[in-house]
Number of protein chains: 4
Amino acid sequence: MANGENDFQELYKETLKKMDDLTDKQKQILQAALELFSSQGFSETSSAQIAERAGVAVGSVYQRFQNKQALLVAVLTPLLTQALPQAVDEFGTTAFQHSFDDVESFVDAIVPDRLRFIDKNYAALKLMADQIIVDDQGVINQLKAAFTNQMSTNVVPNIKRLQKAGKMVDLPEDYIIQFLFTAILGYFGKRLLNMPVNMTDEIKHITAFLTNGLMKH
Amino acid sequence: MANGENDFQELYKETLKKMDDLTDKQKQILQAALELFSSQGFSETSSAQIAERAGVAVGSVYQRFQNKQALLVAVLTPLLTQALPQAVDEFGTTAFQHSFDDVESFVDAIVPDRLRFIDKNYAALKLMADQIIVDDQGVINQLKAAFTNQMSTNVVPNIKRLQKAGKMVDLPEDYIIQFLFTAILGYFGKRLLNMPVNMTDEIKHITAFLTNGLMKH
Amino acid sequence: MANGENDFQELYKETLKKMDDLTDKQKQILQAALELFSSQGFSETSSAQIAERAGVAVGSVYQRFQNKQALLVAVLTPLLTQALPQAVDEFGTTAFQHSFDDVESFVDAIVPDRLRFIDKNYAALKLMADQIIVDDQGVINQLKAAFTNQMSTNVVPNIKRLQKAGKMVDLPEDYIIQFLFTAILGYFGKRLLNMPVNMTDEIKHITAFLTNGLMKH
Amino acid sequence: MANGENDFQELYKETLKKMDDLTDKQKQILQAALELFSSQGFSETSSAQIAERAGVAVGSVYQRFQNKQALLVAVLTPLLTQALPQAVDEFGTTAFQHSFDDVESFVDAIVPDRLRFIDKNYAALKLMADQIIVDDQGVINQLKAAFTNQMSTNVVPNIKRLQKAGKMVDLPEDYIIQFLFTAILGYFGKRLLNMPVNMTDEIKHITAFLTNGLMKH
DNA sequence: GATGAATGAGATTTCATTCAT
DNA sequence: TATGAATGAAATCTCATTCAT
């Protein structure tokens with residue numbers, strides 16, 4: 001890992017091309033890898049373990065995927081190219097296609113959706129977090145790209161509009177986004193720490209806090 | 001809060017000094033392990049690397065520490081039992097010994113201090129984050145314990161007082177703490193993502209956001 | 001008893017053949033391990049040595065066998081569960097299926113056969129002896145089981161018959177067996193001590209002594 | 001081990017010279033080594049273990065004893081030079097200084113004494129057995145020497161006398177000795193195999209068998 | 001003489017990857 | 001494509017031995 005951007009970017013592009021003709025076994029492998037990588041970490045997971053959980057032979061893992069690193073990429077690719085942008089997209093377009101009258105309904109539209117997204121994609125998010133910690137520049141850049149893109153085209157304009165309407169605090173847009181994310185990511189942190197979480201309460205309080213914090217009083 | 005007082009590295013070295021059953025070489029080993037573990041991750045660091053950086057023979061690592069895992073524990077234990085609680089303690093007492101008149105001065109007292117704490121202890125924090133991701137229950141529990149303890153004895157009462165004075169929003173104390181932390185941890189996240197950060201701006205905007213969000217308008 | 005029928009090496013190879021889940025290389029590993037373990041002892045034999053003699057890579061040893069101890073078990077198990085009981089069995093049935101008229105022909109039937117058995121199976125017996133000394137309870141119990149079983153079903157009745165006929169001394173059967181074995185094992189001891197042995201003489205004298213000692217005068 | 005006679009013989013002679021000025025700690029080391037070597041085997045015992053059981057530092061083991069091999073020699077030396085010859089001697093002189101009237105009293109004089117000797121020196125005998133199995137030529141030669149010496153000067157003449165008197169079977173003297181030993185060593189074997197033993201019974205039956213077997217009827 | 005930390009050579013073991021079937 | 005035995009490089013770990021205190 002952490003061996004520079006090129007390996008990852010190369011593999012990433014190649015993987016993207018091939019990403020549709022997946023056999024059942026190959027899907028099982030990706031599934032098993034996702035589960036194991038995210039629960040134990042990438043380096044703590046062996047090819048044998050993946051094969052076993054996927055119910056295939058070790059060789060089958062390498063039949064399709066050049067190496068373990070490539071398998072990681074293959075696991076992350078759909079996430080980074082499909083799920084995440086889509087999620088960001090939803091966050092951008094769906095959430096922002098309406099012209100919210102006030103910050104409250106704006107926050108209301110985002111928070112519950114994002115918390116559920118975390119629940120649904122917990123494993124994948126944990127895996128990304130792992131890669132960020134181990135300094136995988138490829139993953140990091142991919143993440144940044146996915147965000148910058150969507151955010152700048154969809155979210156930023158909407159925030160600006162709310163600010164101009166005098167409804168939202170006059171902080172730089174990237175900080176507005178940052179605070180939205182960190183408040184929401186607190187939920188992810190709680191899950192990482194095995195803390196008991198109650199979705200209803202989380203939604204209620206995070207919403208309240210964000211509304212209060214982003215609203216111009 | 002005085003500069004450097006709650007620097008993990010400082011605290012860690014002090015802790016090491018107090019461990020007078022440790023030889024110089026053993027301290028070098030712990031130091032090298034801390035550095036390598038936090039910069040590359042635990043599994044990405046080999047015994048040979050540690051020995052080399054510590055300037056000792058590989059065997060010397062195992063003379064004192066039963067195995068690599070035990071070395072990790074030896075590195076983390078003083079952090080989790082000494083440095084972290086002490087840092088949390090300072091956070092609790094120092095920051096909260098004054099009776100803040102309003103949320104603004106309360107937030108002002110915390111944010112700059114915590115951001116600098118993150119800067120100074122980036123390596124150690126990253127190591128802890130690594131362990132949380134890899135699901136090290138030991139680390140997780142230690143972290144929880146350190147926090148619950150200090151927070152409940154020092155921070156919670158202060159929050160309550162501010163709330164009773166009608167200055168702070170009426171959210172549960174643990175959520176107040178959660179929002180303080182997540183807003184601050186955003187800075188840690190930015191560093192993990194290699195994003196350019198400007199301390200002055202961070203302080204300014206995080207303070208502004210938290211003040212607005214926690215203040216009762 | 002026909003020559004070679006109860007040769008451990010033969011029986012061992014047959015057993016190996018029946019283990020059709022073993023590849024050729026794995027059989028070579030077991031064969032090499034048997035040879036090295038019994039000539040040098042278990043702890044004095046390294047994985048590298050085994051691999052070299054077997055003509056495989058070191059890793060191949062551990063591909064099939066979890067660890068060195070497991071390899072020892074794999075070597076001993078067929079000996080203790082297949083070869084040994086079968087050998088004991090032949091000893092029991094073949095030697096005792098006739099109704100010997102007197103102790104002399106009884107002893108005559110056993111001694112030469114057992115001495116040749118020791119010669120043929122010297123390596124395997126030495127390995128077992130090694131394990132007994134190092135207090136391997138597994139091996140010890142297996143050995144006991146193999147013996148108790150066969151002796152009680154086949155040998156004991158024959159001894160009793162000879163005793164009732166007034167031809168054999170009235171000692172407990174287990175002691176009769178013990179004396180037969182120890183007198184014969186003297187030959188094994190001589191070989192361990194690198195003493196010059198002459199099979200013809202050994203047979204002659206051991207037979208004479210046992211006949212005299214077990215006969216009722 | 002098993003590295004030729006010279007190492008052993010050299011060490012053996014050097015050890016002999018120094019064998020009197022032992023400090024308390026050194027005696028403890030020898031005792032601990034004897035216990036551990038005989039219960040687990042030589043190679044399965046580490047210097048650290050010996051030091052720990054002896055209650056001394058690891059270095060102290062090597063202060064006096066050149067290396068582990070030398071320690072083994074030092075453990076075996078008193079046995080091979082003192083206990084064993086003395087035992088053989090007793091077996092030779094004590095037991096044979098009387099002119100036994102018959103084989104029965106001759107056997108009676110030997111068996112109980114030897115069985116008790118085995119009990120008393122079980123650990124040391126086991127250690128010797130270990131060395132014999134691992135093919136330690138030094139030990140083997142020492143053993144042989146101790147025996148040949150004593151046997152030929154004391155025992156052989158006595159056996160010859162009994163044979164000439166027509167009381168003992170006319171087998172070669174070395175075989176007579178062999179049968180005496182093996183019958184008695186059966187007891188040692190039973191202990192190795194953790195079999196329940198009753199000294200009274202053993203004495204009774206071994207005596208009976210040997211008497212019958214060696215007596216000229 | 002006694003200590004035990006330090007050493008380094010070597011042993012065991014793991015595991016990503018290859019390749020013949 | 002799928003398999004899983006085989007590989008070998010590298011990692012973890014052990015331990016007899018040395019040496020400064």
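Each chain gets a letter, A, B and so on, in the order the sequences are listed, and its residues count up from 1.
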Does [Y] offer a backbone N or O that forms a donor-acceptor pair with the side chain of [X] under 3.5 Å?
X      : Y      : answer
D:S60  : D:V56  : no
D:D130 : D:K126 : no
C:K68  : C:F42  : yes
D:Q26  : D:T23  : yes

Notebook entry, point to check: Given that B:D24 and C:Q69 both sit by DNA chain E, which one's nearest nucleotide is further toward the 5' end?
Noted result: B:D24
Next item on the list: Could you check which of F:dT17, F:dC13, E:dA2 has an atom nearest any side-chain atom of B:K68?
Entry: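 Of the options given, the side chain of B:K68 lies nearest F:dC13.
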Notebook entry, point to check: Counting side-chain heavy atoms from CB outward, which of F:dT7, E:dA6, F:dA11 is closest to C:K25?
Noted result: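 For C:K25, the side-chain atoms sit closest to F:dT7.
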Report the distance from atom [atom1] of [X] to atom [atom2] of [N], rounded to the nearest whole Å.
X     : N      : atom1 : atom2 : value
D:F65 : E:dT3  : CZ    : P     : 14 Å
C:L71 : E:dT14 : CG    : P     : 14 Å
C:I50 : E:dA11 : CD1   : P     : 12 Å
C:N67 : E:dC15 : CG    : P     : 14 Å
C:L72 : E:dT13 : CG    : C1'   : 17 Å
B:Q26 : E:dG4  : CD    : P     : 13 Å
B:E44 : F:dA11 : CD    : C1'   : 13 Å
C:Q28 : F:dA6  : CD    : C1'   : 12 Å

Can you see which heavy atom on [X] is nearest to which on [Y], and at what distance?
X     : Y     : value
B:L36 : B:T45 : O-OG1, 3.4 Å
A:S43 : B:S43 : OG-OG, 3.7 Å
B:K27 : B:L22 : CE-O, 3.7 Å
A:I50 : A:I29 : CG2-O, 4.0 Å
C:K25 : C:G55 : NZ-O, 4.4 Å

Taking OP1 and OP2 of [N], is either one under 4.0 Å from a side-chain nitrogen or oxygen of [X]?
X     : N      : result
B:Q66 : F:dT14 : no
C:S47 : E:dT12 : yes
A:S43 : E:dA16 : no

Notebook entry, point to check: Hey, does B:T45 reach any base, or is it just sugar-phosphate, or nothing, if we go heavy atoms under 4.0 Å?
Noted result: sugar-phosphate
Checklist line | Duplex segments of DNA chain E, taken as runs of at least three Watson-Crick or G-U pairs that stay under 3.5 Å | finding: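 For DNA chain E the paired stretches long enough to count as stems (3 pairs minimum) are E:2-21 with F:2-21.
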Next item on the list: For side-chain contact (heavy atoms from CB on, under 4.5 Å), just list the numbers for C:L34 and C:L76, CA-CA rounded to whole Å, side-chain angles, deciding distance to a tenth of an Å, and then say yes or no.
Entry: CA-CA 8 Å; C:L34 171 59; C:L76 284 172; over 6 Å; no
Next item on the list: Please list residues of residues 51-64 of chain A whose heavy atoms come under 4.0 Å from any atom in DNA chain E, ordered by number; otherwise none.
Entry: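 Correct list: A:V58, A:Y62.
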